[in-house]
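Okay, structure first, notes after.
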Amino acid sequence: MDGGQAGALLAVCYFSTVLRWIREEPAPFELPDRLDGALDIVLRGILTAS
């Protein structure tokens, strides 16, 4: 996976997580925790694929 693909994947993950978070009141989850978890998943997948 090249840097552009990795960046696009992270951007989509961030965008969709924030949209899910702002769509409901009260917030359905802690945003920082969810973003940290998503980042871990994406980066581990990238490292495993390399």
Side-chain angles (χ1 to χ4, degrees):
M1 177 178 290
D2 67 32
Q5 287 178 316
L9 183 58
L10 288 170
V12 167
C13 185
Y14 174 83
F15 183 73
S16 66
T17 302
V18 171
L19 283 180
R20 283 182 282 144
W21 183 73
I22 63 174
R23 191 172 37 190
E24 296 182 36
E25 189 64 41
F29 50 82
E30 292 294 322
L31 183 60
D33 295 339
R34 187 64 58 100
L35 290 174
D36 284 344
L39 180 62
D40 287 343
I41 291 169
V42 171
L43 293 179
R44 286 181 190 170
I46 290 170
L47 290 174
T48 301
S50 297

Reported CG-to-CG distance for the pair L31 and D36, which is rounded to 0.5 angstrom
9.5 Å

Could you state the interatomic distance from CG (L19) to CD (E24), rounded to the nearest 0.5 Å?
12.0 Å

In terms of hydrophobic clusters joined by side-chain contacts under 4.5 Å, are [X] and [Y] together?
X: L43; Y: L9; answer: yes
X: L39; Y: I46; answer: yes
X: V42; Y: L47; answer: no
X: F15; Y: L10; answer: no

For residues W21 and A27, report the shortest heavy-atom separation together with the two atoms involved.
NE1-CB, 3.2 Å

Is the count of non-hydrogen atoms from other residues, nucleotides or ligands lying under 6.0 Å from Y14 atom OH greater than 12?
no

